[in-house]
Trainee: 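Before anything else, here's the structure in question.
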There are 2 protein chains.
Amino acid sequence: MDESKITERGRRTRQRIIEATGEQILASGIGGTTLDTVRAATLTSKSQLFHYFPGGKAELVREVAGWEGRQLFEAQEPFIHDLASWESWEQWRSGLVDYYISRGRWACPIGSLATQAAMSDPELEQVIADSMRAWRELLAEGVGRMRDAGLVAASADPMTVATVILAAIQGGLVLSQPERAAWPLEAALDSALAPLHAESLREGATPA
Amino acid sequence: MDESKITERGRRTRQRIIEATGEQILASGIGGTTLDTVRAATLTSKSQLFHYFPGGKAELVREVAGWEGRQLFEAQEPFIHDLASWESWEQWRSGLVDYYISRGRWACPIGSLATQAAMSDPELEQVIADSMRAWRELLAEGVGRMRDAGLVAASADPMTVATVILAAIQGGLVLSQPERAAWPLEAALDSALAPLHAESLREGATPA
DNA sequence: TCTTCATTGGACTTCATAGTCCATTCCTAG
DNA sequence: CTAGGAATGGACTATGAAGTCCAATGAAGA
């Protein structure tokens, strides 16, 4: 979408469409979200939808994926760029759980899209995969900082630990969703995070 | 579906429909699976689909969910009913990973349906939730046996540990799918399983 | 053999939804 | 004030998929 010929008014309309679509997808999935319901929710018209997203529904969904990804990252700021102490991890964890549970999200915009979209739209799959990779990268850097500071076993591979944490988030949400309870997510996350504060539990941890 | 007035021939046709639908759903999702493609793949006719599944697509999908659930449980036999030793857990793990990865499943029939169907079909959600609950139950019983045998910390809550393991499976698959690699699933699973063979690592585990 | 009912074939209907098109309105620069 | 392009409204089309219906076939027992 060429953004050069767009006014402020148009920008806001476009954004309104993206956000409403995001909500509907989170609530009803891609298949359960139709251009008509989006149109109704945003008080727009069919022509506007295609004006701002010439690629139709597929492009709209991709834009939603990108935006949701950015929102998810923002929700983890500023800790996601620190994660150099157990306190930082705890605060990061707290913010993340809040992001999912409060305001009844009950699903990961990225993870659930990944499942739904793996098939049917390779371009969307790419957008999702990029978010996932970036996310894992940031977590791995945090784990690396912990390791460099001697706060976690030197034998731990940051990328592996990061993957385990991400898997805990995604899997925890899969189980939390039907229960409408946060505890599965929290249990999974705590378990995955355990290696990061082992120093307080393990045998004579000499570091630092 | 009343099964009383069904011949062997009919039973096999019905089963053929279920299995073909299951494959298509796993590959393309519920939305990407149409009665026409199922009809084509099974060499049946529209009337047969509705003859065996009067409730239409929704009923067919529910039957698929039930059948896939049973298949998944079978793949975990006989270990899922044992899990009283670390060796048993290892063999169970091996069989499960094989079930997902070999023959390119790359997704959990139950978990991925859970994500797709949470919305749109409460009845299906029930079928899925039942499978999940039963699964967690079996795992928790195994953890309980390990605890009773003093092979795992007495402080560990079997249900929590079981949930963490399930979350690792589901989340691991979410990450493995786009990568088309088994390692995220294996890493997540190993991490979740760690408490079950801790006795060989931890400080003088006194339990029992 | 005949009857009956499960099974099958496939055309047809209905409906939801993505996408097109053109007219109209709004805003702003010149 | 006016011309042009962005923004908007909404009817219309095309399509694909679910679901209906009736006729034909096959098999098994009376």
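In what follows, chains are A, B, ... by sequence order, proteins preceding strands, each numbered from 1.
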Trainee: Looking at dG10(D), dA6(D), dA6(C), which one has an atom nearest to any side-chain atom of Ser45(A)?
Mentor: dG10(D)
Trainee: Please report, rounded to the nearest Å, how far the P atom of dT7(C) is from the CG atom of Leu49(B).
Mentor: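 Taking CG of Leu49(B) and P of dT7(C), I get 14 Å after rounding.
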Trainee: Looking at Gln48(B), I'd like to know whether one of its side-chain N or O atoms comes within less than 4.0 Å of OP1 or OP2 on dT8(C).
Mentor: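 True: Gln48(B) side-chain N/O within range (under 4.0 Å) of dT8(C) OP1/OP2.
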Trainee: After noting the C-alpha distance and the side-chain angles of Asp148(B) and Arg145(B), does the key distance pass the salt bridge (charged side-chain N to carboxylate O under 4.0 Å, His left out) rule?
Mentor: CA-CA 5 Å; Asp148(B) 293 346; Arg145(B) 276 190 286 272; over 6 Å; no
Trainee: Between the main-chain N or O of Thr33(B) and the side-chain N or O of Thr37(B), is there a donor-acceptor pair closer than 3.5 Å?
Mentor: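 Such a contact is absent between Thr37(B) side chain and Thr33(B) backbone.
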Trainee: So, OP1 or OP2 of dG9(C): does either fall under 4.0 Å of a side-chain N or O from Thr44(B)?
Mentor: no
Trainee: Is Arg136(B) paired with Glu179(A) through a side-chain N to carboxylate O contact shorter than 4.0 Å?
Mentor: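 Result for this pair is yes, salt bridge flagged.
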Trainee: If I take atom NE2 in residue His51(B) and atom P in nucleotide dG10(C), what distance separates them, rounded to the nearest angstrom?
Mentor: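 Taking NE2 of His51(B) and P of dG10(C), I get 17 Å after rounding.
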Trainee: Could you tell me whether Glu8(B) and Arg11(B) make a salt bridge, using a distance below 4.0 angstrom between a side-chain N and a carboxylate O?
Mentor: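 Here Glu8(B) pairs with Arg11(B) in a salt bridge, since their nearest N and O are under 4.0 Å apart.
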Trainee: Taking protein heavy atoms under 4.0 Å as touching, what does nucleotides 18-30 of chain D look like 5' to 3' if B marks base contact, S marks sugar-phosphate-only contact and - marks none?
Mentor: BBBB---------
Trainee: Between Tyr52(B) and dA6(C), is there a contact of a side-chain N or O with OP1 or OP2 at under 4.0 Å?
Mentor: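 Indeed not, no polar side-chain atom of Tyr52(B) lies that close.
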Trainee: Would you check, one step at a time, whether the test side chain to side chain donor-acceptor pair (under 3.5 Å) holds for Glu87(A) with Gln91(A)?
Mentor: CA-CA 6 Å; Glu87(A) 288 69 39; Gln91(A) 293 189 277; over 6 Å; no
Trainee: Rounded to the nearest angstrom, tell me the gap between atom CD1 in Ile30(B) and atom P in dA17(D).
Mentor: 15 Å
Trainee: How close or far is atom P of dA18(C) from atom CZ of Phe53(A), stated in whole angstroms?
Mentor: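 From Phe53(A) CZ to dA18(C) P: 14 Å.
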Trainee: Do the side chains of Asp130(A) and Arg133(A) get close enough for a salt bridge, i.e. N-O under 4.0 angstrom?
Mentor: yes
Trainee: So if I apply the side chain to side chain contact (heavy atoms under 4.5 Å, CB included) rule between Glu141(A) and each of Val143(A), Leu139(A), Leu138(A), which one comes out positive?
Mentor: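 When side chain to side chain contact (heavy atoms under 4.5 Å, CB included) is applied between Glu141(A) and each of Val143(A), Leu139(A), Leu138(A), only Leu138(A) qualifies.
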Trainee: In whole Å, I'd like the distance from the CZ atom of Arg39(A) to the C1' atom of dG10(D).
Mentor: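 Nearest whole value for this atom pair: 9 Å.
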Trainee: Is there a side-chain contact between Thr13(B) and the phosphate of dT8(C), meaning an N or O under 4.0 Å from OP1 or OP2?
Mentor: yes
Trainee: To the nearest angstrom, how far is Arg14(B) atom CZ from dT8(C) atom P?
Mentor: 13 Å
